[in-house]
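To start, the structure under review is shown below, and the notes come after it.
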Amino acid sequence: MNRILIVEDDAALRSSIRSILERNGYEVRVAGDGASGARELQAGIYDAVLLDIGLPYVDGWQILSTLEGKRGPSVIVISARGGEEDKVRALDLGADDYLAKPFGADELLARIRAVLRRAQPMLGPGPAIRNGDLTIDLSTGIVSRAGVDVRLSPTEYGLLAVLARHPGQVVDHRTLLREVWGPSYGDERNYLRTFIQRLRLKLEQDPKKPEIIVTAGSRGYMFGQSGPGAHST
Ligand code: CA
């Protein structure tokens with residue numbers, strides 16, 4: 001059973017989300033302010049967190065920054081603020097998705113299913129893909145550079161794996177969004193920009209001159225082939 005933490009100070013909203021999730025088979029814990037939310041996150045193991053931004057004591061931004069870079073739960077920011085700037089900031093700080101209030105039960109459940117699905121990357125027989133000193137082992141999900149593991153969030157890994165499965169081929173924006181985020185996505189180019197930027201910072205020698213994840217004009221992105229040395233095993 002998937003465990004979900006709701007960090008939300010609006011009691012009515014918190015209990016309505018809780019009952020929606022419980023009716024749909026999730027195990028739910030709740031926190032009514034940022035400080036107890038942060039404590040819950042340290043103490044418990046969660047698959048996903050629904051995180052409000054405007055919270056007493058410790059706000060959602062602070063909680064997000066403590067989670068950044070850790071292999072923690074998937075985070076869906078739920079916020080009434082809803083501006084594009086907040087959305088980009090949330091994704092930049094490592095959130096997996098952003099849901100503007102008010103939202104319906106179906107939309108909430110679809111987003112949760114999508115982040116949980118992404119958190120279990122499709123592993124299976126697959127080659128080790130190489131580009132320069134970077135290796136992506138599609139059968140284990142391990143990414144390393146010059147033998148050192150690179151830590152990627154589930155969404156970052158998912159995006160990289162879709163591109164790496166088609167080295168040298170352009171994968172268009174819509175296909176990437178559907179494959180990685182889920183079938184109801186397709187127009188969220190800002191998600192792609194944010195996550196591609198994060199991947200480049202982690203993977204590229206020079207993120208400003210990317211050779212691993214190449215922008216293919218306005219069509220999409222491509223996993224680069226680093227010349228004759230590039231090969232898969
Ligand atoms: Ca709030």
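When reading the values below, keep in mind they use all heavy atoms of this one structure, side chains included, and skip hydrogens, waters and symmetry mates. Counting starts at 1 for both ligands and their atoms, following the listed order.
Under the 30°/60° scheme for interplanar angles, the aromatic rings of Phe195 and Trp181 are found to stand perpendicular.
Listed by chain and residue number, the protein N/O/S atoms under 3.0 Å of the Ca ion (ligand 1) are Asp9 OD1, Asp52 OD2, Gly54 O, with waters left out.
Counting only distance, with no hydrogens or angles, the side chain of Lys202 and the backbone of Val150 share no donor-acceptor pair below 3.5 Å. Side chain of Gln197 to main chain of Thr194: no donor-acceptor pair is present (N/O by atom type, distance under 3.5 Å, no hydrogens or angles).
Checking Glu211 against Asn131 by side-chain atom types alone, no donor-acceptor pair falls below 3.5 Å.
Under 4.0 Å is where a charged nitrogen must lie from a carboxylate oxygen, and between Asp52 and Lys101 at least one such pair does. Ion pair Asp97/Arg111 flagged as a salt bridge, since at least one NZ, NE, NH1 or NH2 atom sits closer than 4.0 Å to an Asp/Glu carboxylate oxygen.
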